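Note that the structure is predicted; figures quoted are calculated from it, not measured. Letters A, B, ... are given to chains in the order of the sequence lines, protein chains preceding strands, and every chain is numbered from 1.
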Amino acid sequence: MAHSTRRGELARSYNPDAVESHWYDWWDAQGYFTPRVDSDRPPFVIVMPPPNVTGELHMGHALFVTVEDILARWHRMLGDPTLWLPGADHAGIAGQWVVEKEIAAEGFSRHDLGRDLFLERVWSWMDRYRGRIREQLRILGASCDWSRFTFTMDPEPSRAVRTAFKRLYDRGLIYRGERMINWCPRCMTALSDLEVNYDEVHGHIWLLRYPLADGDGFVEVATTRPETMLGDTAVAVHPGDERYTGLIGRMARLPLMDRPIPIVADEAVDPEFGSGAVKVTPAHDPNDFEIAQRNGLPSINILNNDGTLNENAGAFAGQSIQEARRNVVMQLERHGFLVRVDEHVHSVGHCDRCGTVVEPLISLQWFADMAPLAAPAIEVARNGTVQFMPERFKGIYLHWMENVHDWCLSRQLWWGHRIPVWTCSACGEVMATAEETLERCERCGSTEVTQDPDVLDTWFSSGLWPFSTLGWPDDTEDLRYFFPGSVMETGYDIIFLWVARMIFMGIEFMGEAPFSTVYFHGTVRDEAGQRMSKTKGNVLDPTRITADYGSDALRFTLITAGAPGADLKLGMQRVEANRNFVNKIWNATRYVLRAIEGAEVATDGDGSVAAPSAGQTLPDRWILSRLSALNADVTQLLEAFQFGEAGRRLYEFLWSEYCDWYIEATKVALNSGDAAAQAAARQTLAYVLERSLRLLHPVMPYVTEELWQHLPHAGDSIMVAPWPTADSAARDERVDREFVFLMDTVRTIRNARAEAGVEPARWISAVVLPGTHLDTLRESEGVLRFLARIGADRLELRANDSSAPQQVITLVVDDAVVYLPLAGLVDLDTERARLRGEIDQVEEEIARASGLLANENFVARAPAEVVERHRERLTAAQERVALLQSRLGELGG
RNA sequence: GGGUGAGUAGCUCAGUUGGUUAGAGCGCGCGGUUCACAUCCGCGAGGUCAGGGGUUCAAGUCCCUUCUCACCCACCA
């Protein structure tokens, strides 16, 4: 498909629908998303955080797509072989959960189906949604390499998971043990610490009285969970607590269970809290578990996996925790063991996925030994091998890593990577393997081997993602070339769950961190600052917004609405404003196309619009100078990950400088009879627009491509056009200054016209004493007249010494004076008052500047250029005030 | 209990390394059918940068402190 300059008129306004899908399909078909391996050039690599295959894309996805796509497109234009690797995640518990809900609606449970049938259901669900994720990423414009799309449950990443497990197991870094873990009674699985959310709840604290077994008296203990007393195996006090020294070593009698339990001493008890004595339930409290270990206490598990009480709970067996709590309290009260109940606020853990209250309990699970894995992962953050953006997240990461606990890896689920551990029932050998199945025991050869029924935490495979997607454990070309990656871009909410795991897994298996920079984006919230959630019903669907306003407008909004690492509130009025910006660029292009229609536009050897070489007027030179500054700024901002600032800078340039001033100014040159000026204006219009579109392309891929195709250009697509380099020769401070003078003059006259109530359409006269701006005013007289609406032959440039006319408004711009003879509209008193107001303002400025300059310290210590700037400012202000005052004098003020 | 972020115009937010007179969008007021754009154009009003103290020639920006809000971490019986 050849794409030379597109012909035909552009519509009067931008319609994203007509443009977006066309270009995306074409880019994809052209193969632009797939990088070419070039051993002479280091690649730029981003591995996409794989969206969960559990539902629709939300705004968080739209945000990460925007940021990563900006980086990918920018680097591609820089000429870096750019790989942005997409994927999808099977999402462990969340994945199983959605399918369980689906079959529950049909009246089944997963157990009714059995493991194999259930997994078939999950797979068909996944296949259905996988395509949807792809579709939505495409709508957002994601320029990722679909040929490398990977799903975490695909055979290759699955083999990587088994391999990683086996290697860690063989190194002794994975072990199985009975430990206190978090148990979700609804999901019926163990959870890692990170999958538990603690929420403050208003509950109660019960003060109980346990009688001493060997004599009179009681010991009082406080608890927020009275039902756990059924599993108590001791009472603990602080060894230094004088109130209890006599009790240590004696026995208490556990109420309701009628069980003797020892009173032990342990440092972990806070004598200040409650009664200073603690009931010890080793099986259901992490603290108590440790106390029990130190004191050799037994532990009694009173819970079934579904959260009901088991036979160890005696009469309460079979009851739910809530029922048991009521009944236990009732019984305790009836028998006089309840001292009192107080209101109490404490935090309770809930399952991250289903919200059920999590039960701490002892269970046989697989764990990763974190200490050896964490040490080098701490080092790469400390020594800067991995950079954090914004940097404050480094501290958060380090704090977690330095205090990390062993990681509970096993989940009692069916959906996920099955733990590759097999047990021989003949000889009892336990073996890990990287193979999918194990036929016979490695020790005795028996075929009586069975695989562990559990699956791995979904984040285990996520930790391997930066290299499992590139072919690891095989030594592939992709792995050699694209690893380690460049930037990891993700949300700060998964810094521990994911980022930390990728870092230590990368170091463990690849010998180095899997990326050199990790950039965090914030959470997208609704207009009220609330987290978006389905239950709140405040979710803004990115595809809806895209359909209504276009992907470009949404993308631009997402990056300019916030700052790196900061949450952002998404308001529709902002999206609309940015849709208007897209439309503005669209119409600017319409103007340019009309201007160059039928005329020659010079191109470089490669076919792209050439910079103008002759005949430039002041506005031409000014916009070229501004473009050069823009180019340098945008490049620097992207390098610093300041995407929002880059976007705002482009907005400001295109709308306020290019459209509001430059395009308006070209209307004068284009309507003049000066062929050279016309040619320069056309050339400059096209050149600046074409370069700006390239600078804008990473942020707004669609509209920039569409418009670029209408302009003379080199190459097939803007997405593979080179990133422009700033033409430093075009920078001209004198030109900038003179054009600013021109703008100030226009603004000042417009302001005076508006204040005096001059009809906008009316052409007026002006007399100008040019001060030092004679050349500028001579050259740009036409521009000044056009923009300030001064009639032909009604602008008079006069020598500075001429006396002021009567019945005029006097304006001072820099060292120039403008008289507007507005017969009938000028009131002498009003004019005097206006001049006095001006003088007051300028005098304030003089006071500030001269104050600064009178300060010896300032003059001595501030940089010379700052001092110089203030000197100039003072001089200019003094001139202004002199001019204003003399005029006021003439008016008898 | 520790930690982080935020507090800037009526609203929503920018302001990366301290450097002229603090910006934008929306909203508001006044005025506009000029042949790119009413999804627009022109002009304007509006801020003690949460409070207090400090460092500095210079502070929205750095330090200390207080208040308010949000979030994170922690084995708060």
Side-chain angles (χ1 to χ4, degrees), chain A residues 10 12-14 180 198 205 221-225 228 236 268-270 273-281 285-290 344-347 360 390 392-393 395-396 399-400 403 405 492-493 495-496 522-523 527 529 549 560-571 573-574 576-595 636-637 640-642 644-645 648 651-652 656 659-660 663-664 667 747 750-755 757 759-761 786 789 841 844-845 848-849 852 855-863 865-867 869-870 872-873:
Chain A
L10 289 173
R12 277 180 70 84
S13 62
Y14 177 57
M180 177 68 62
Y198 289 89
I205 188 161
V221 294
T223 180
T224 54
R225 305 194 48 195
T228 62
V269 180
D270 177 6
F273 191 95
S275 63
V278 186
K279 61 189 271 309
V280 180
T281 320
D285 183 283
N287 279 321
D288 294 1
F289 178 72
E290 285 176 19
H344 187 65
V345 178
H346 60 140
S347 61
R392 66 190 146 88
F393 288 107
I396 295 173
H399 179 257
W400 184 79
N403 297 287
H405 298 316
Y492 62 77
D493 51 333
I495 183 168
F496 311 136
T523 305
E527 268 161 299
Y549 296 95
T560 54
D567 290 358
L568 65 97
K569 285 181 221 172
L570 184 64
Q573 79 287 358
R574 256 187 127 115
E576 197 179 321
N578 291 323
R579 186 271 317 264
N580 296 349
F581 176 47
V582 177
N583 190 56
K584 186 75 182 175
I585 304 163
W586 181 270
N587 276 289
T589 307
R590 290 181 68 213
Y591 174 83
V592 173
L593 290 175
R594 240 200 39 193
Q636 180 266 320
L637 288 165
F641 294 90
Q642 299 287 332
E645 280 299 293
R648 282 184 285 271
Y651 183 102
E652 149 86 17
S656 307
C659 290
D660 287 351
I663 282 187
E664 292 307 311
K667 290 175 181 173
R747 272 193 280 250
R750 282 173 175 169
N751 170 280
R753 290 177 58 122
E755 275 186 11
E759 302 89 334
F786 176 66
R789 221 167 164 79
Q841 261 184 19
E844 268 178 49
E845 201 177 327
R848 268 193 302 269
L852 262 181
N855 182 337
E856 284 173 30
N857 268 323
F858 172 73
V859 178
R861 299 198 191 193
E865 60 169 72
V866 174
V867 177
R869 233 184 291 151
H870 283 276
E872 283 168 12
R873 188 179 142 212

Heavy-atom closest contact (Pro564(A) atom, Pro390(A) atom, distance): O-CG, 3.4 Å
Checking His346(A) now: which residues fulfil ring-ring contact (aromatic ring centres under 6.0 Å, His included) with it, not counting sequence neighbours? His344(A)
Under 3.5 Å donor-acceptor pairs involving side-chain atoms of residues 576-584 of chain A, not counting sequence neighbours:
{"residue": "Asn578(A)", "atom": "ND2", "partner": "Thr557(A)", "partner atom": "OG1", "Å": "2.8"}
{"residue": "Asn578(A)", "atom": "ND2", "partner": "Arg574(A)", "partner atom": "O", "Å": "3.2"}
{"residue": "Asn583(A)", "atom": "OD1", "partner": "Tyr14(A)", "partner atom": "N", "Å": "3.0"}

Taking the P atom of each, how far is rU17(B) from rA6(B), in whole Å? 11 Å
Minimum heavy-atom separation for Asn587(A) and Arg12(A), please, with both atom names. OD1-O, 3.3 Å
What nitrogen or oxygen pairs link the protein and nucleotides 40-46 of chain B at under 3.5 Å?
{"residue": "rC40(B)", "atom": "OP1", "partner": "Asn580(A)", "partner atom": "ND2", "Å": "3.0"}
{"residue": "rC40(B)", "atom": "O3'", "partner": "Lys584(A)", "partner atom": "NZ", "Å": "3.2"}
{"residue": "rC41(B)", "atom": "OP1", "partner": "Lys584(A)", "partner atom": "NZ", "Å": "2.8"}
{"residue": "rC41(B)", "atom": "OP1", "partner": "Trp655(A)", "partner atom": "NE1", "Å": "2.6"}
{"residue": "rG42(B)", "atom": "O3'", "partner": "Arg750(A)", "partner atom": "NH1", "Å": "3.4"}
{"residue": "rC43(B)", "atom": "O3'", "partner": "Asn751(A)", "partner atom": "ND2", "Å": "3.2"}
{"residue": "rG44(B)", "atom": "OP1", "partner": "Asn751(A)", "partner atom": "ND2", "Å": "2.8"}

So what does Ser347(A) hit on the nucleic acid, given a heavy-atom distance under 4.0 Å: a base, only sugar-phosphate, or nothing? base
In B/S/- notation, 5' to 3', how is nucleotides 16-24 of chain B contacted by protein heavy atoms closer than 4.0 Å? B--BBB---
Taken in chain and number order and not counting sequence neighbours, the residues that satisfy salt bridge (Lys or Arg N to Asp or Glu O under 4.0 Å) with Glu856(A) are none
Need to verify one output field. Residue with the more 5' nearest nucleotide on RNA chain B, Val269(A) or Asn587(A)? Asn587(A)
Within this structure, what is the OH-to-P distance between Tyr198(A) and rC73(B), rounded to whole angstrom? 10 Å
With both distances under 3.5 Å as the test, what is the Watson-Crick or G-U wobble partner of rU39(B)? none
Write down the distance separating the P atoms in rU4(B) and rU65(B), rounded off to the nearest Å. 11 Å
Checking base pairs now: Watson-Crick or wobble, both atom distances under 3.5 Å. What partners rA22(B)? none
Quantified in whole Å, what is the P atom distance between nucleotide rU61(B) and nucleotide rG52(B)? 13 Å
Rounded to whole Å, how long is the line connecting atom CD of Gln573(A) with atom P of rC26(B)? 9 Å
Grab the CZ-P distance between Phe496(A) and rC73(B) for me, whole Å please. 6 Å
Assign Ala236(A) to base, sugar-phosphate, or nothing according to its heavy-atom contacts below 4.0 angstrom with the strands shown. nothing
Check the distance between rG1(B)'s C1' and His346(A)'s NE2 and give it to me in whole angstrom. 17 Å
Nearest-Å distance, CD (Glu576(A)) to P (rU12(B))? 18 Å
Between rG25(B) and rG42(B), how far apart are the two P atoms, rounded to whole Å? 11 Å
Pick the C1' atom in rG23(B) and in rC62(B), then give their distance to the nearest Å. 22 Å
How many whole angstroms separate atom CG of Asp567(A) from atom C1' of rA14(B)? 16 Å
Return the pairing partner of rA58(B) with a 3.5 Å limit on both distances, Watson-Crick or G-U wobble; otherwise return none. none
Using a 3.5 Å distance criterion without hydrogens, assess whether the side chain of Asn403(A) forms a donor-acceptor pair with backbone atoms of His399(A). yes
Indicate, with a heavy-atom threshold strictly under 4.0 Å, whether Leu568(A) touches base, sugar-phosphate, or nothing. nothing
Please confirm whether the shortest side-chain N or O distance from Arg12(A) to OP1 or OP2 of rU39(B) is below 4.0 Å. no
Whole-Å distance, Phe786(A) CZ to rC35(B) P, equals 10 Å
With sugar-phosphate meaning primed atoms plus P, OP1 and OP2, does Gly562(A) contact a base, only sugar-phosphate, or nothing at under 4.0 Å between heavy atoms? sugar-phosphate
In chain order, what residues pass the side-chain hydrogen bond (donor to acceptor under 3.5 Å, both in side chains) check against Arg648(A), with sequence neighbours excluded? Glu645(A)
Applying ring-ring contact (aromatic ring centres under 6.0 Å, His included), name anything that partners Tyr492(A), two or more places apart in sequence or on another chain. Phe393(A)
Value rounded to 0.5 Å, distance of CD in Glu845(A) from CZ in Arg873(A): 5.0 Å
Rounded to the nearest Å, what distance is computed from the OH atom of residue Tyr591(A) to the P atom of nucleotide rC35(B)? 13 Å
Could you work out the separation of rG1(B) and rG19(B) based on their P atoms and round it to a whole Å? 38 Å
Between the base of rU39(B) and the side chain of Arg579(A), is there a donor and acceptor pair under 3.5 angstrom? yes
Looking only at atom P, what distance separates rU66(B) and rG3(B), rounded to whole Å? 12 Å
So what's rC71(B) paired with, Watson-Crick or G-U wobble, going by both distances under 3.5 Å? rG3(B)
Complement of rC28(B), any strand, by Watson-Crick or G-U distances under 3.5 angstrom: rG44(B)
Side chain of Pro760(A) only, please: which of rG32(B), rG5(B), rC37(B) is the nearest? rG32(B)
OP1 or OP2 of rU4(B) sitting under 4.0 Å from any side-chain N/O of Arg392(A)? no
Thr523(A) backbone acceptor or donor facing Asp567(A) side chain under 3.5 Å: yes
When Ser13(A) and Trp400(A) are each assigned the nearest nucleotide of RNA chain B, the 5'-most assignment goes to Ser13(A)
Can you list the residues that meet the side-chain hydrogen bond (donor to acceptor under 3.5 Å, both in side chains) rule with Thr589(A), with sequence neighbours excluded? none
Measuring only the P atom in each nucleotide, how far is rA45(B) from rC30(B)? A whole number of Å is fine. 15 Å
Taking ring-ring contact (aromatic ring centres under 6.0 Å, His included) as the test, write out the residues that go with Phe858(A), two or more places apart. His870(A)
Select base, sugar-phosphate, or nothing to describe what Lys279(A) touches, counting heavy atoms under 4.0 Å on all strands. nothing
Using Watson-Crick or G-U wobble geometry with both distances below 3.5 Å, tell me the partner of rU16(B), or none. none
